[in-house]
Amino acid sequence: MTRRQTGILVLRVWTEDGSTAPLRVDVRSTDDVSRGFRRTSTLTDIDLVLATVRTFLETGRSSGVAGGNGGG
């Protein structure tokens, strides 16, 4: 029986009133849920958030994690 890993990416988003860069995105991810979250960071730049999501999805696709068997 082949064991497939499942990846998870969680984004928690809020704003900091009064800040010159009010966006806050807490990013938590893992490529194996049996080990729990392995990476956590807080980002304030939309482009960095999008790059993080893209990297997670591309890594999952190439390794067979996070639904990487296609469909789109």
Side-chain angles (χ1 to χ4, degrees):
M1 178 157 105
T2 303
R3 180 176 173 252
R4 287 194 55 157
Q5 292 178 311
T6 300
I8 294 178
L9 178 69
V10 176
L11 304 176
R12 186 174 63 98
V13 182
W14 73 97
T15 57
E16 296 275 331
D17 292 336
S19 174
T20 58
L23 177 70
R24 299 290 185 272
V25 181
D26 179 49
V27 180
R28 296 177 185 206
S29 64
T30 184
D31 56 2
D32 184 353
V33 296
S34 68
R35 293 193 239 167
F37 288 110
R38 300 184 66 186
R39 290 171 291 283
T40 302
S41 59
T42 301
L43 305 173
T44 60
D45 181 85
I46 291 173
D47 290 331
L48 288 175
V49 173
L50 295 174
T52 300
V53 172
R54 177 178 290 282
T55 298
F56 177 81
L57 293 174
E58 288 176 344
T59 301
R61 180 177 60 194
S62 67
S63 67
V65 174
N69 61 349

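Throughout, residue positions are numbered sequentially from 1 according to the sequence presented. Because only heavy atoms are used, hydrogens play no part in the values below, and waters and symmetry mates are left out as well, while side chains stay in.
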For Arg28, what residues pass the salt bridge (charged side-chain N to carboxylate O under 4.0 Å, His left out) criterion, not counting sequence neighbours?
Asp26
So which heavy atom on Gly7 is nearest to which on Phe56, and how close?
C-CZ, 3.8 Å
For residues Trp14 and Ile46: do they belong to one hydrophobic cluster (side chain heavy atoms under 4.5 Å, members Ile, Leu, Val, Met, Phe, Trp, Tyr)?
no
In sequence, state the C-alpha distance, the side-chain angles, and the governing distance for Val53 and Leu11, and then conclude on side-chain contact (heavy atoms from CB on, under 4.5 Å).
CA-CA 9 Å; Val53 172; Leu11 304 176; 4.1 Å; yes
Separation between OG1 of Thr15 and CZ of Arg24, rounded to the nearest 0.5 Å
9.0 Å
Between the CG atom in Leu9 and the CZ atom in Phe37, the distance rounded to the nearest 0.5 Å is 8.5 Å
Tell me if a side-chain donor or acceptor on Thr30 pairs with a main-chain N or O of Gly36 at a distance below 3.5 Å.
yes
Sequence neighbours excluded - side-chain hydrogen bond (donor to acceptor under 3.5 Å, both in side chains) pairs with any residue from residues 40-53:
none
Just to verify, what does Arg12 make a side-chain hydrogen bond (donor to acceptor under 3.5 Å, both in side chains) with, not counting sequence neighbours?
none
